[in-house]
Number of protein chains: 2
Amino acid sequence: MTGPKRDTSGDKRVSAAAPLLVALDSSARGPLHRQIYEGVRAGIIAGRFAAGMRLPSTRVLATELGVARNTVVLAFDQLRAEGYLNARGSAGTRVRALLPDSLISVNATRRGARAARAAATAPATDTRRASASLSPRWAQLVARVPDIGSLRDLAPAPFALGMPAIDAFPSALWARITTRRWRSGAVFLGHAATSGDESLRNAIADYVTSARGVRCTSDQILIVSGAQQALDLAARVLVEPGDAVWMEDPGYPGARAALVGAGARVIPVPVDEEGMSVEWGERLAPRARLAYVTPSHQFPLGTIMSASRRLALLDWARRVGGWVLEDDYDSEFRYAGRPIPCLQGLDTERGGAAHVLYIGTFSKTLAPALRLGYIIVPDELVDAFRAARAISGGHSPTLDQGVLADFIGEGHYVRHVRRVRALCAERQQALLAYAASEIGDALELAPDAAGLHMVGWLPSRASDEKATSAAAREGVNVIPLSRYSAVAPRRGALLLGYAAFDEGEIREGARRLARALGASP
Amino acid sequence: MTGPKRDTSGDKRVSAAAPLLVALDSSARGPLHRQIYEGVRAGIIAGRFAAGMRLPSTRVLATELGVARNTVVLAFDQLRAEGYLNARGSAGTRVRALLPDSLISVNATRRGARAARAAATAPATDTRRASASLSPRWAQLVARVPDIGSLRDLAPAPFALGMPAIDAFPSALWARITTRRWRSGAVFLGHAATSGDESLRNAIADYVTSARGVRCTSDQILIVSGAQQALDLAARVLVEPGDAVWMEDPGYPGARAALVGAGARVIPVPVDEEGMSVEWGERLAPRARLAYVTPSHQFPLGTIMSASRRLALLDWARRVGGWVLEDDYDSEFRYAGRPIPCLQGLDTERGGAAHVLYIGTFSKTLAPALRLGYIIVPDELVDAFRAARAISGGHSPTLDQGVLADFIGEGHYVRHVRRVRALCAERQQALLAYAASEIGDALELAPDAAGLHMVGWLPSRASDEKATSAAAREGVNVIPLSRYSAVAPRRGALLLGYAAFDEGEIREGARRLARALGASP
């Protein structure tokens, strides 16, 4: 921390007399002006310096404390800026008469002050006739989609879902690129384009075109705060309250929440070995507004949508004028077999109006903490999406986008993806091996050719909620499959994330899970 | 303003031949890349460089102008970033065919250009039986709130609004803190808490408590992507489609857009010399769901809401159970007089149920590019807001929040605010002085005790839209007051941002504006 040079003409410091406002501690770290600031502030908060009390002039105080006058001036300026002292004037410096209540309380510590504030703001008996309330629809939403404020399991321990290989994140390189960007002097700090950094959109366009078979221009791309925001924008732009929407079941809760938030009538459509059942969708809601799918790697079952099912879905969309929301959330993690071209590419290849919106994210290859994802929309929706993006917060942070653009443009991204893919493949192998040796038949785990989590099937009629509680008691984090189903699943299963954990953690997690499932020898 | 070193091999500068795109003025202040940027941009705005026109390569232009190639690259990059030039590609650099409205063509008014563009993108004849469409409500929104995709004026030239003193942004310090955070190894890269970084929320709680008289715990604070997201979340959580809401008129378009986006029935409530007229609000919509106000410094008129008006507003809220959305967007920029405690503090001080939601932002004191703001909500709304925040994109980027927390915690923020406040006060003085000397009576400008923009009143019956077009032709960026009014304003005025511009730019802007207004001698 910087500060003005300490005045070493120390012999003038107050010794015998009582401290004048504050006592300076010459052995304390940090600048003197901060000590003065804190001392006066503490005195005001504690009530020792009453409202209206006049303080010594900076000249007098500086002399008494044996410091440079500017030191005192700095401290007083900050106290003024924060409202503890009144403005400079001929009346001298006084403690302000009208302080926010929270600053006035004898013997209050910082935490105590916070608690005191909380107590002070607790609603008293309400004698008013009417009470302000949140929108009934939103109140229902909060009630119907529990855990909405914590859509992810936050604890970074086995076998938490949604946690990619964050230990492999290239922090040093990321920091270097960040510094370079700041130093270039070319960072535009004003409001930027809603759709996002153009070089980043170009880089993404190049990437998805070659890696996923997407067909688009960079103008169709919007940079968003992770896949979640993409889902939210799509729901807001496309869904009218009351519209039916097809939702994979079991399916991703973040998508469900976004759709419910937009007032959709969510129709759970079962997933079979070929992916979401279009036949069932048409039976339940033939003219749904949109269908939400994760065709590359169904979340959470892991199914890859077959070629014929893909065509059937696109046919449906064209016949009824419905939208398809393709969430390609972990497509880089393919461990076996060839990558399957995405729905968006199949759809645009056929020509005519486009029906697919494509969602991608950097949360799984890089880190969720960055909040960087993208959505690629048909041309005719670009204006509407820009409007939604603008209304919802403007644009993603400029520098973060620029760093990512450089990271991709300089070839680091491709190399990094290769590395984390190999790492996650190893970790899947470790989980398979330790599950077999530690847990055995109590959990049926099959290799998954893609993704960052696995499904462990329980013996028939076993409750996955009970197994989850047992696991939690052993300190293991799993999610029951039933939590992602609107309809009761045929068989209980546990979802296990493995990407963020090394072999040792995976082994330990497997052992604990074995105990929880009663499978230990 | 920093920039690459000037290439002093000046003898290569174009002299006899007509300028190639731009003429460089070696005696002008500021970096060369900025001259090039401004010259090309002016040419595009004026229509001299037509849409689709191909520009010389950076290499050729650099040789012709006698500057380093990187100088030209910098200028072109900024032009691309702002949408004037298309992306880099094998087709060379061209003036974009589809420019944001504000940039299109000689003699086109803003509205005319938009209509033209809308016509150009109208869907071709649709031979399918049914067509996928966006939600009718959203389609209406996009039609009713024009400029929604560009809620801000992006071009960083006088007198653009919404642009704070970004030249004073402490980039080196910010970069240092960022690097330190990355190196600490303590950055959690998984999904983080929805409400935001706890140390940042604590720092904000301390700050608003002492500086603004807010009364809250840090649990009532959510970190959001700028004030815009705060407005959007509030609209989504509190407003049911069809609800009436009071909107200051003239008022801030971002707030209006968020409210319209949530399906509100926006009631424009006039602003008088005491602020928004509660009396008019009650006349027009006595049981409105909420009232949106900017009481510290009305946007755009600058009025400070009087004490009695504040109490009247809070009384209304309590009587009918309405909410008050207090947008304290530029409260740090007070140049004269004492800071007035905010509505939230007044409301909570009285006890009983809380009715005020408080919005703050770092976009004006730091930079819009960071996308960091906050909303402070009554306890009973915390869960609902967390739900909304989670659905809309999760949380703000983790590292960005941490850097800001450190920046505040180490005392840099308070110092920085003091500095930019003084800088902006100077710039306001410069604008007042040059407006008086260059423009004179053609524009009535009064000192404003707060904020980052001023209102310049035109002679009665002068059209502010016409004046705006004239200004654009002179390369000056102003916004007509009428654009922020739902009802016809009594008198035309131009809104002038001055915070981001140095004295030279302000002087030049004033001269050009004088020419536009026909005020030049």
Side-chain angles (χ1 to χ4, degrees), chain A residues 78 81-83 100 102 114 117-118 121 123-124 126 128 130-132 134-135 138 142 148-149 151-152 156 163 166 169 171 175 178-179 182 185 189-191 194 198 202 225-226 228-229 232 237-238 240 257-258 261 320-321 323 355 367-369 371 384 386-387 390-394 397-398, chain B residues 2 80 87 130-132 134-135 138 142 148-149 151-152 156 163 166 169 171 175 178-179 182 189-191 194 209-211 213 215 217 225-226 228-229 232 237-240 257-258 261 318 321 323 348 351-353 355 367-369 371 384 386-387 390-394 397-398 400 410 414:
Chain A
Q78 190 165 340
E82 294 174 15
S102 54
R114 207 167 284 129
R117 278 204 294 275
T121 57
D126 190 350
R128 293 170 300 119
S131 55
L134 52 90
S135 127
W138 203 264
V142 178
I148 223 173
L151 285 171
R152 304 277 188 176
M163 191 88 60
I166 51 182
F169 184 83
S171 305
T178 302
T179 302
W182 278 120
L189 290 167
H191 284 270
T194 299
E198 189 167 12
N202 287 337
S225 180
Q228 185 59 44
Q229 185 174 38
D232 187 49
V237 170
L238 303 176
E240 194 78 0
V320 308
W323 297 107
H355 289 82
R371 311 313 305 133
R386 280 185 187 159
I391 287 178
S392 65
T398 303
Chain B
T2 59
R80 277 194 198 91
S131 54
L134 52 92
S135 127
W138 203 263
V142 177
I148 225 175
L151 284 172
R152 303 279 188 172
M163 191 89 58
I166 52 181
F169 184 84
S171 305
T178 302
T179 302
W182 277 120
L189 290 167
H191 285 268
T194 300
T209 297
S210 57
R215 310 176 98 211
T217 63
S225 179
Q228 185 59 44
Q229 185 173 38
D232 187 48
V237 171
L238 303 176
V239 173
E240 196 76 3
R318 285 172 175 241
W323 297 108
T348 47
H355 290 82
R371 310 314 303 132
R386 280 187 185 154
I391 288 179
S392 64
T398 303
D400 299 353
E410 288 168 17
V414 168

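Note that the coordinates shown come from a computational prediction; the quantities given were computed from them, not determined experimentally. Naming convention: chains lettered A, B, ... in sequence-line order (proteins, then strands); numbering from 1 in each chain.
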_If I compare all heavy atoms of B/P368 with all of A/L189, which pair ends up nearest, and what's the gap?_
CD-O, 3.0 Å
*Distance from B/R371 atom CZ to A/R371 atom CZ, nearest 0.5 Å?*
15.5 Å
_Which portion of B/V237 sits near chain A, non-hydrogen atoms under 4.5 angstrom_ = both
*For the candidates A/G394, A/A384, A/A369, A/A175, which exhibits the highest count of non-hydrogen atom pairs separated by less than 4.5 Å from chain B?*
A/A369
*asked:* Please classify the contact of B/T178 with chain A as side chain, backbone, both or neither, using a heavy-atom distance under 4.5 Å.
replied: side chain
_Side-chain touch B/S225/A/S225, heavy atoms, less than 4.5 angstrom_ = no
*Enter the distance from A/W138:CH2 to B/I391:CD1 here, rounded to the nearest 0.5 Å.*
4.0 Å
*Taking all heavy atoms of B/M163 and all of A/G190, pick out the closest pair and write down the distance.*
SD-CA, 3.8 Å
*asked:* Can you tell me which of A/S171, A/G261, A/A258 forms the most heavy-atom pairs within a distance under 4.5 Å of chain B?
replied: A/S171
